[in-house]
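What you see is a predicted model; the values in this text were computed from it and never measured.
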Amino acid sequence: MSEKVLNGKKNGMSVLLMIIFAYIAGIVLIVFSGISLNTAPSVLNIAGLAAGILIVSLGWIFLAGLKVLKPQEALVLTLFGRYVGTLKENGFYYVNPFCVGVNPAARTRLSQSGDVSEAGSGLGAIVSSVQIAGSMTGDYSSKKLSLKIMTLNNSRQKINDCLGNPIEIGIAVTWRIVDTAKAVFNVENYKEFLSLQCDSALRHVVRIYPYDVAENVDTTGDGKADEGSLRGSSEVVAMRIRDEIQSRVKEAGIEIVEARITYLAYAPEIAAVMLQRQQASAIIDARKMIVDGAVGMVEMALDRLNQNEVVQLDEERKAAMVSNLLVVLCGNHDAQPIVNSGSLY
């Protein structure tokens, strides 16, 4: 199914004026024909009265063909089950009054922007109210498709990462309709379809990555271990999620503009344990850095003492000095020095 855009239908104002004039003419015809029948009954007066009544009683049918579109709106039209085309540009249109607008997701409400009902105003409200009251098309305004960029705030999901750790993750997907015919006819409900495909794509991508950097994990598929992770490679993960969703919703005429991770955390049942693990890892890394620095400072102190020949130390005294310096440099609290007032030996 390919989209067919209807052009050259922006003659709604002229048709509306013609309908108004026809109603005025029908009313005038009814009044004068009725007066003439009372004074001088004739076939011509009876025919005029019948024509006026016919115009007034059936003129509302043509009002059903008036369509008003605002910017970034579209209306998919069918005639007795056959796809006629799509109105996409803003304006005042007139089409076959028996055409019906189709939007299977009109009453679907998701956690997304632009998915609310707004009351019409002005001429559009007048036309819509006439169509709702007097046509077979139902709620005309609800049949419009929004072509604006909208945001789907997908609910948080609990998913196991590649190491089997349960995590909670949520994403926000910005999307828009680019092919109205595919969106309406290729899937049952394009909004529900998009939401389900977002869930599926998110699960597929998250299971490739660990929450944090892990050893011997290949996230790119090239057979080599890398440092990809959900927490440290959020941009890469978001891009993969976007591409995965786009490949799934292409047949629905939807373009995925962007996908972003809005929430990422360990599941509550393991959050406390993982926090302790992260704290232990951070303490070990900090201690390692402190020890490396202390050893370097001790080596520098011994080298400077030997170069300047400040004092001659045997191996036992060097060991004692190294021990004292490491205790001072690696300790958690300030050292309390003890001054030896006697001989070193």
Can you name the closest pair of heavy atoms from [X] and [Y] and give their distance?
| X | Y | result |
| --- | --- | --- |
| I177 | W175 | CG1-CZ3, 3.9 Å |
| S229 | Y209 | N-CD2, 3.8 Å |
| N90 | P71 | CB-N, 3.5 Å |
| V56 | G26 | CG2-C, 4.1 Å |
| S195 | L152 | CA-CD2, 4.0 Å |
| L29 | A51 | CD2-CB, 3.9 Å |

Pairwise side-chain contact, [X] with [Y], heavy-atom cut-off 4.5 Å (strictly under):
| X | Y | answer |
| --- | --- | --- |
| I208 | R240 | yes |
| L75 | Y93 | no |
| L49 | I30 | yes |
| L230 | I167 | yes |
| L6 | T86 | no |
| E251 | V187 | no |
| P210 | T219 | yes |
| T78 | F185 | yes |

**Q.** Residues E235 and R260 bridged, charged N to O under 4.0 Å
**A.**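 Judged by the 4.0 Å cut-off on N to carboxylate O distance, E235 and R260 do form a salt bridge.
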Between E244 and R248, does any side-chain N to carboxylate O distance fall below 4.0 Å?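 Yes, E244 and R248 are salt-bridged.
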Return yes if some donor-acceptor pair links the side-chain N/O of [X] with the main-chain N/O of [Y] below 3.5 Å, else return no.
| X | Y | answer |
| --- | --- | --- |
| E258 | T174 | no |
| R176 | V257 | no |
| K191 | R107 | no |
| Q246 | I254 | yes |
| Y190 | N186 | no |
| S233 | V236 | no |

Requested in this report: Verify side chain to side chain contact (heavy atoms under 4.5 Å, CB included) between L79 and L77, making sure each step is shown before the conclusion.
Outcome: CA-CA 7 Å; L79 180 61; L77 299 174; over 6 Å; no
Do the side chains of [X] and [Y] join up, straight or via other hydrophobic residues, at under 4.5 Å, putting them in one cluster?
| X | Y | result |
| --- | --- | --- |
| F92 | V5 | no |
| I20 | L63 | yes |
| I27 | L58 | yes |
| V178 | I256 | no |
| M239 | V173 | no |

Using the side chain to side chain contact (heavy atoms under 4.5 Å, CB included) rule, take L202 and I159 through it: C-alpha gap first, then chi angles, then the decisive distance, then the call.
-> CA-CA 9 Å; L202 180 62; I159 308 173; 4.1 Å; yes
Atom pair [atom1]/[atom2] of [X] and [Y] - distance to nearest 0.5 Å:
| X | Y | atom1 | atom2 | value |
| --- | --- | --- | --- | --- |
| K88 | K4 | NZ | NZ | 14.5 Å |
| Q72 | I149 | CD | CD1 | 8.5 Å |
| D218 | K224 | CG | NZ | 10.0 Å |
| D199 | I171 | CG | CD1 | 7.5 Å |
| I261 | I169 | CD1 | CD1 | 4.0 Å |
| T108 | N103 | OG1 | CG | 8.0 Å |

Original post:
Relative to each other, are the rings of Y211 and Y266 parallel, tilted or perpendicular (30° and 60° limits)?
Top reply: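 Tilted.
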Inspect the surroundings of [atom1] in [X] and state if more than 12 heavy atoms from other residues, nucleotides or ligands are less than 6.0 Å away.
| X | atom1 | answer |
| --- | --- | --- |
| E89 | CD | no |
| F62 | CZ | no |
| K10 | NZ | yes |

